[in-house]
A.B. asks: 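Mind having a look at this structure? Questions to follow.
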Amino acid sequence: MARTELVALILAGGQGSRLGVLTKYLAKPAVPFGSRYRIIDFPLSNCSNSGIETVGVLTQYRPLALNTYVGNGSPWDLDRNKGGTYILPPYQKTGHSDWYKGTANAIFQNIEFVDDWDPRYVLILSGDHVYKMDYARMLDTHIQKEADATLAVLEVPWHETSRFGIMTTDKQGRITAFEEKPEQATSNLASMGVYIFDWAVLRQALIDDEQDAASDHDFGKNVIPKMLRAGRRLQAHRFRGYWKEVGTIGSLWEANMDLLDRPQDINLRDRDWRIYSRNPVKPAHFVAASARVSNSAMTDGCRIYGTVEHSVLFNSVTVEAGAVVRDCILMPGVTVASGAVLNKCIVSFSTVIGSDVRAGADVPGHNRYTDHHYLSDGITVFERGLKIRDGAVIPGNCMVTYTEADDIIETRFRV
Amino acid sequence: MARTELVALILAGGQGSRLGVLTKYLAKPAVPFGSRYRIIDFPLSNCSNSGIETVGVLTQYRPLALNTYVGNGSPWDLDRNKGGTYILPPYQKTGHSDWYKGTANAIFQNIEFVDDWDPRYVLILSGDHVYKMDYARMLDTHIQKEADATLAVLEVPWHETSRFGIMTTDKQGRITAFEEKPEQATSNLASMGVYIFDWAVLRQALIDDEQDAASDHDFGKNVIPKMLRAGRRLQAHRFRGYWKEVGTIGSLWEANMDLLDRPQDINLRDRDWRIYSRNPVKPAHFVAASARVSNSAMTDGCRIYGTVEHSVLFNSVTVEAGAVVRDCILMPGVTVASGAVLNKCIVSFSTVIGSDVRAGADVPGHNRYTDHHYLSDGITVFERGLKIRDGAVIPGNCMVTYTEADDIIETRFRV
Amino acid sequence: MFLNAMGLILADHNRIQLSDLSRPRALAAIPFAGRYRIIDFMLSNMVNSGITSVGVIAMHKYKSLMDHLGTGSSWDLDRKNKGLSLLPPFIYSDNDGGEADSLSGLLDFIRMHRRRYVIIANSNVVFNATFHDLVKQHQANEADISVLYNRDGMAYGAPSAILSTDRKGWVKDVLFNPPKPPSRKNTIGVMVIERERLMDLVHEDVARGNYDFSIDSLIRRHDELKILAVEYKGVLLRINSIETYFSSTMALFDEAIRQDLFWSGLPVYTKIKDEAPARYGVENQVENSLISDGCLIQGTVINSLLFRGVTVAKHAVVENSIVMQDSYVSEGVTLEQVILDKNCFIRPGIKLVGQKEFPVVIGKGAVV
Amino acid sequence: MFLNAMGLILADHNRIQLSDLSRPRALAAIPFAGRYRIIDFMLSNMVNSGITSVGVIAMHKYKSLMDHLGTGSSWDLDRKNKGLSLLPPFIYSDNDGGEADSLSGLLDFIRMHRRRYVIIANSNVVFNATFHDLVKQHQANEADISVLYNRDGMAYGAPSAILSTDRKGWVKDVLFNPPKPPSRKNTIGVMVIERERLMDLVHEDVARGNYDFSIDSLIRRHDELKILAVEYKGVLLRINSIETYFSSTMALFDEAIRQDLFWSGLPVYTKIKDEAPARYGVENQVENSLISDGCLIQGTVINSLLFRGVTVAKHAVVENSIVMQDSYVSEGVTLEQVILDKNCFIRPGIKLVGQKEFPVVIGKGAVV
């Protein structure tokens with residue numbers, strides 16, 4: 001059989017617990033983003049546009065939504081006979097069974113899958129980053145520099161270096177030092193979590209790492225530093241463009257607002273690098289005579305009778321007459337009833353905001369829902385499927401869920 | 001969204017340990033059968049031919065081969081936008097994670113998947129039965145009889161009743177009694193493991209069964225008998241045709257030989273009910289001037305220079321000049337070198353039988369490999385990827401594996 | 001639910017021309033309602049009825065139709081056994097026959113796909129429904145042919161086929177574009193017939209040297225055949241002319257009509273385009289309008305329909321107009337009662353004003 | 001690996017007719033080697049080279065080709081952006097133009113698919129290779145056009161295009177079917193050219209009123225263009241006539257030829273048929289033959305090729321023959337040097353005997 005040159009593996013297993021109720025029923029890569037998309041559309045579309053045809057998606061936590069969303073890969077043109085999209089959950093072997101223990105262990109457990117394709121290179125991606133990148137050019141760098149591993153890097157602000165894997169390179173871009181989340185960084189070149197490896201090299205590194213009882217089996221913490229110590233040739237591939245890790249409520253909100261405030265940075269209208277997605281079949285959206293829409297993005301099936309300002313609306317959202325939505329993210333199927341006013345809210349699937357509800361950053365009052373672990377920037381988040389009673393008042397910094405139900409909330413979903 | 005009338009769920013999770021080395025690397029439904037097929041092709045093709053468009057395949061043990069084989073479902077025309085094929089492994093939920101504990105528990109763990117489709121009916125199938133059946137006619141019975149559950153049944157020989165779920169019915173086919181593997185059967189109507197349920201009824205039954213600490217969470221043992229006791233309307237749907245459970249080495253061998261000896265019983269040439277499969281791209285098979293082929297089935301990519309009698313050959317098998325293959329099943333990529341003589345052997349993927357090897361039922365000698373738990377009918381089974389040294393002598397009733405390697409065997413696969 | 005029927009859509013209608021919109025494409029391929037081509041509604045009705053084999057008969061101007069239909073995957077008709085077949089006469093030029101070839105595509109299709117019934121439909125009507133009721137009535141009454149009609153009468157002008165029926169619904173007479181219609185029962189160009197029966201009728205036609213095949217020509221045979229008239233009571237738009245194309249579009253701003261066509265629970269499928277979401281600028285005014293993905297709106301849009309990827313620049317005003325895919329309306333432009341076809345570019349400051357009955361139509365790719 | 005090129009296959013060749021095999025189908029669609037159509041080899045070469053956009057230009061008799069190619073999924077060409085396009089002139093009848101229309105399909109295809117190179121190939125050659133080396137040499141030498149040739153000379157008869165080249169491989173002259181060939185360098189009907197360049201050349205042709213497009217006509221311009229000749233050294237079969245069709249089939253019984261065509265590691269894709277495995281009866285004799293899936297063999301088959309689904313009944317003898325899909329050879333039949341097209345039925349006891357140079361050809365669907 002003809003050999004596959006490169007296999008891409010997307011790490012999509014994490015729960016993304018910092019996204020709170022948004023990931024209660026689905027894995028982080030399946031979280032809606034940017035009016036029409038899920039986060040995983042970005043790595044999948046990048047693969048497709050880069051000419052990659054074999055993609056494994058490693059799942060573990062709540063894979064159903066992701067599994068159904070990715071399906072046969074056809075929206076991304078990844079429904080190939082030779083190649084295609086494969087969902088890779090952990091599985092039972094004779095005598096033993098393990099959940100994925102870390103990013104490196106997840107790949108280790110799928111060595112057989114990769115071996116089946118017999119690739120020269122593997123590309124490791126994260127399922128929760130928003131960016132447009134041509135991996136074919138990164139592979140060119142990898143081949144040209146005869147590297148064992150190539151890491152995509154970008155400059156980050158110095159004050160953020162402690163959140164990233166930071167590396168130092170020589171003039172040719174060869175990596176001379178790598179520190180995971182350093183207290184005191186000596187460089188501001190951060191790893192984007194995008195790696196190309198020679199499969200033979202990585203395969204052995206994974207087997208070795210698996211033997212190491214002290215390892216967390218993580219690429220950034222263990223595998224990459226070990227390779228560097230072993231004198232492997234590690235290359236940096238410089239990325240200049242929009243890149244955002246959407247790991248917290250705050251960064252998810254910001255990244256959505258970036259589409260309105262900095263539309264050129266991650267240009268979704270670029271027809272040479274389309275971002276593909278799977279979408280329900282809905283008619284064009286309707287804006288009524290009573291509506292006022294400004295500085296916003298929306299998509300098919302929306303019906304707007306009220307006011308929408310500086311917000312991102314997903315498909316089939318209804319905003320009734322007299323309702324006001326500002327600085328919000330409304331996910332598919334949300335209804336905002338007449339007279340309700342929302343400020344800086346993220347409302348998950350199909351939640352109904354009752355008439356005259358007031359919610360969000362500008363609402364004073366006792367905060368019955370705050371969970372300081374998650375929220376600190378004034379955003380109010382609603383779980384999916386809630387019905388918020390008419391006239392309810394919900395302040396900022398809230399994570400509104402059914403389990404914390406009190407007099408103002410009921411749920412429409414069977415729990 | 002338009003409602004899905006029926007969702008089919010194929011239980012494909014079992015290891016099939018009675019198939020020994022044949023299921024060491026793949027789940028039973030992925031075992032090759034009948035020259036061009038895998039066992040799971042039969043339920044999948046039946047679904048496709050019955051007009052069913054949404055199929056979940058519940059996997060657990062070694063799902064990779066099955067996952068890759070089923071892929072996007074396109075060989076069975078099950079790569080639908082609405083509907084399609086879904087691989088359903090166990091997964092991690094917030095706070096807890098379970099492997100499938102029994103057939104009923106496996107469906108229980110996928111209630112969310114089924115609910116997503118909002119079907120009126122579900123069809124539960126096994127991944128390891130060989131038969132052709134129109135499930136649409138069974139659904140007609142179910143609807144017409146206003147049943148809560150309908151079980152496909154067939155008559156089995158009286159002496160085999162203790163291997164099956166046996167039921168008694170009244171004149172209208174309503175089930176009045178059900179016994180799982182009875183010692184003393186009062187009927188010879190056996191359950192084929194093909195069930196149609198009203199989803200609402202099954203959903204509740206599964207939730208109740210899950211609470212029952214004493215239950216094995218098995219359809220035949222627990223769920224069906226409980227439904228019957230609860231006075232649910234259980235209907236039998238009579239099946240008359242070829243049906244075979246391929247659970248042991250002996251029955252796998254027999255079912256393959258049935259294709260040669262009783263070709264009309266499960267007519268593979270029937271163009272109104274094709275059995276679809278995924279096959280590698282190989283040229284037409286070649287039969288040389290030195291070859292002698294009789295009473296056999298073979299497919300693309302085979303190259304025959306020797307003698308093949310009463311055997312089933314899968315794709316890309318080579319039988320060299322002077323080799324003799326009788327009553328054998330040779331799986332994809334097997335080579336039988338010159339002068340080798342095989343009798344009643346099953347040889348798994350890519351194994352190479354060296355020159356002048358003698359193996360099988362008619363070979364006398366000390367049996368170094370017998371595992372009486374598996375073998376008693378003279379068949380010799382070779383694990384995948386072995387190289388059998390020239391001149392080796394291997395008697396019947398053997399299960400030849402690499403782990404029992406001695407002077408005559410080496411393996412070609414990385415273990 | 002599965003329906004034991006196959007579908008046949010007639011992509012052209014020799015009595016319907018839509019000015020410049022018809023020039024580059026078949027009637028069935030004319031863009032409608034922002035994301036769709038007219039044929040999408042009938043195709044979706046068939047798919048939603050559980051039909052999995054559809055033939056589309058096209059006489060000429062296939063390219064747009066071929067591009068739009070592609071492999072059929074958008075309608076889930078990319079099946080192993082050819083779910084969607086384009087049946088232009090050309091593909092039968094393999095045979096040496098003469099005129100009969102124009103029907104041989106049809107005959108081949110009917111022969112290959114063995115379903116009990118054939119649903120035949122014209123391409124000038126827009127509605128959202130399944131055919132289960134039609135087939136059920138057809139069976140119950142043991143009709144030869146059953147045709148759908150509604151009570152539009154002559155409201156949409158020609159072409160029309162006005163039915164006279166007896167009390168049981170059997171067709172007794174049919175009048176085409178009558179000056180004095182005997183009833184308001186106007187056929188809507190959808191019928192069901194048994195496959196075997198259809199095959200016989202077409203063979204008969206060919207034997208008689210009659211190579212014309214249309215729903216009208218079949219209904220005309222009400223003397224020899226038992227033809228049942230079945231009423232359709234839902235929302236239905238007929239596209240018989242530029243005027244009715246325009247008024248049918250404007251009807252979409254009616255909440256009830258939109259509800260029936262798009263939100264009844266039966267999806268209307270169309271080709272997937274992967275556009276960006278629509279984006280609204282800081283300054284803009286949009287009222288009573290339907291806007292598709294990929295639009296960028298910085299000006300004013302009132303009572304108008306924008307197809308995918310349209311740009312309305314600052315200080316531009318689009319009113320009572322239809323702007324098709326990827327057209328660009330520059331700064332300061334005014335459009336009133338205008339239909340812009342795909343890929344038009346309207347230069348800054350241009351003003352185009354039509355009348356409700358005579359909208360200005362700008363052909364595909366024009367630079368104005 | 002991905003190749004920045006698109007493919008263009010010319011499905012017809014106006015100087016090649018294959019008797020009754022050509023009657024119902026284009027040259028490219030003629031069945032070959034048991035499971036394939038001739039075009040499968042070139043399509044697979046393109047796909048195996050990493051090409052993801054292929055246009056097939058067909059002039060007439062499209063039906064077989066359309067049925068065979070389907071959505072393109074068998075070659076993994078069922079892509080979002082139209083991996084496989086059939087480009088008959090008909091689909092451009094949307095425009096009003098005259099003769100130039102016959103090239104507009106080609107021009108549209110080249111315009112739409114933006115790849116750097118175009119690989120153009122005829123449909124009368126069978127080989128198994130990628131085009132990486134051809135493109136590499138083309139780039140290294142900065143040629144305008146690079147053509148593949150081998151040293152077959154006139155061995156396969158007409159049509160031939162014999163090259164004279166200088167020492168660096170530049171084409172200095174080309175002779176078509178010369179009585180006295182100046183060399184054994186015969187083009188094999190495969191070339192590479194830059195997309196932009198091709199577009200210019202075709203536009204130029206149209207401007208000059210020249211609507212003929214072929215590889216030969218491009219090579220003829222060796223005076224104005226830098227044309228590089230690149231040798232192909234692998235196994236290659238040319239199908240120029242019934243005689244060479246027959247001899248090329250018989251060549252498949254040569255182990256080395258089969259090895260090069262089918263077992264080099266590059267798969268030859270074809271339409272999937274889901275036949276049953278081939279089954280051999282208790283009594284039968286098969287020697288030196290290629291047998292496809294779905295065959296049922298109870299008689300004798302020697303030095304022959306059976307396509308899919310063929311039945312050879314008891315006491316029938318098939319020798320030095322080619323039997324195509326679903327044909328039925330009844331009891332007691334004898335076939336020697338015969339080509340049976342698809343769906344033939346040979347009645348019990350019939351005897352047909354041809355000669356090696358003049359095999360008996362029985363057309364599609366015949367009952368003998």
Side-chain angles (χ1 to χ4, degrees), chain B residues 32-37 41 45 48-49 72 74-77 79 256 259-261 263 266-271 273-305 308-316 318, chain D residues 32-36 40 44 47-48 71 73-76 78 128 252-255 258-259 261-263 266-298 301-311 326:
Chain B
F33 174 81
S35 179
R36 271 180 65 91
Y37 309 100
D41 285 331
S45 299
S48 179
N49 288 325
N72 65 2
S74 65
W76 306 270
D77 216 10
D79 55 333
N256 274 282
L259 295 177
L260 305 176
D261 303 335
I266 184 154
N267 182 6
L268 297 172
R269 289 186 113 205
D270 176 2
R271 294 195 173 173
W273 201 271
R274 284 189 200 264
I275 304 303
Y276 303 109
S277 62
R278 187 186 291 276
N279 270 288
V281 178
K282 296 292 173 194
H285 70 265
F286 179 69
V287 178
S290 56
R292 170 90 193 100
V293 180
S294 76
N295 200 14
S296 294
M298 65 180 70
T299 185
D300 297 334
C302 288
R303 288 172 285 190
I304 312 300
Y305 301 83
V308 176
E309 287 175 17
H310 198 249
S311 293
V312 173
L313 276 53
F314 288 76
N315 79 77
S316 311
T318 303
Chain D
F32 187 71
R35 304 174 68 241
Y36 309 98
D40 290 337
S44 299
V47 169
N48 288 330
T71 62
S73 64
S74 297
W75 300 268
D76 230 357
D78 53 333
N128 184 343
L252 299 174
F253 302 131
D254 180 317
E255 190 93 37
R258 236 172 32 245
Q259 191 67 27
L261 285 181
F262 298 115
W263 297 95
L266 300 169
V268 185
Y269 299 98
T270 188
K271 188 177 175 188
I272 291 159
K273 293 266 188 177
D274 297 297
E275 291 289 347
R279 201 149 52 74
Y280 290 78
V282 179
E283 300 283 318
N284 75 73
Q285 184 190 353
V286 180
E287 288 180 17
N288 201 39
S289 293
L290 283 161
I291 314 290
S292 305
D293 273 348
C295 288
L296 174 59
I297 304 176
Q298 297 174 307
V301 179
I302 298 172
N303 300 332
S304 292
L305 166 63
L306 305 192
F307 284 69
R308 292 190 272 209
V310 166
T311 302
D326 293 334

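Letters go in sequence order (proteins before strands), and every chain restarts at 1. Every value quoted in this text rests on a predicted model; they were computed, and no experiment measured them.
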A.B. asks: Name the region of D:V268, side chain, backbone, both or neither, that has any atom closer than 4.5 Å to a heavy atom of chain B.
C.D. replies: backbone
A.B. asks: Can you tell me how far the OG atom of B:S74 sits from the CD1 atom of D:I272, to the nearest 0.5 Å?
C.D. replies: 7.0 Å
A.B. asks: Check whether D:Q298 gets within reach of chain B through its side chain, its backbone, both or neither, counting any heavy atom under 4.5 Å.
C.D. replies: neither
A.B. asks: Any side-chain heavy-atom pair from D:N284 and B:R292 closer than 4.5 angstrom?
C.D. replies: yes
A.B. asks: Can you tell me how far NE2 of B:H285 sits from CZ of D:R35, rounded to the nearest 0.5 angstrom?
C.D. replies: 11.5 Å
A.B. asks: Closest heavy-atom contact between D:V310 and B:R269?
C.D. replies: O-NH2, 3.8 Å
A.B. asks: Between B:A288, B:P263, B:P283, B:S294, who has the most heavy-atom pairs with chain D when the cutoff is under 4.5 Å?
C.D. replies: B:P283
A.B. asks: Could you check which of B:V281, B:I275, B:V287, B:N279 has the highest count of heavy-atom pairs closer than 4.5 Å to chain D?
C.D. replies: B:V287
A.B. asks: Where does B:L313 contact chain D at under 4.5 Å (heavy atoms): side chain, backbone, both or neither?
C.D. replies: neither
A.B. asks: If you look at every heavy atom in B:M298 and D:Y280, which pair is closest and at what distance?
C.D. replies: CG-CE1, 3.9 Å
A.B. asks: Which of the residues D:R258, D:R279, D:E283 is involved in the greatest number of heavy-atom pairs with chain B at under 4.5 angstrom?
C.D. replies: D:R258
A.B. asks: Using a cut-off of under 4.5 Å on heavy-atom pairs, state which of B:P280, B:S277, B:A297, B:S296 scores highest against chain D.
C.D. replies: B:S296
A.B. asks: Would you give the length of the straight line joining atom CG of D:L290 to atom CG of B:D300, rounded to the nearest 0.5 angstrom?
C.D. replies: 10.5 Å
A.B. asks: Taking side chain as everything from C-beta outward and backbone as N, CA, C, O, which of these in D:F307 sits under 4.5 Å from a heavy atom of chain B? Side chain, backbone, both or neither.
C.D. replies: neither
A.B. asks: Among D:L261, D:I297, D:N303, D:L296, which residue forms the greatest number of heavy-atom pairs with chain B at distances under 4.5 Å?
C.D. replies: D:L296
A.B. asks: Please find the pair of heavy atoms, one from D:E255 and one from B:Y305, that lie closest to each other, and give the distance.
C.D. replies: OE2-OH, 2.5 Å
A.B. asks: Say you draw a straight line from CZ of B:R303 to CH2 of D:W263; how long is it, rounded to the nearest 0.5 Å?
C.D. replies: 4.0 Å
A.B. asks: Do you know which two heavy atoms are closest between D:E275 and B:R271, and how far apart they sit?
C.D. replies: OE2-NH2, 3.0 Å
A.B. asks: Would you say that D:P277 contacts B:F314 through its side chain, given a criterion of any heavy-atom pair below 4.5 Å between the two side chains?
C.D. replies: no
A.B. asks: Looking at B:P75, B:G34, B:A284, B:S290, which makes the most heavy-atom pairs under 4.5 Å with chain D?
C.D. replies: B:A284
A.B. asks: Taking the side chain as every heavy atom from C-beta outward, state whether B:F286 and D:I291 have any pair of such atoms under 4.5 Å apart.
C.D. replies: no
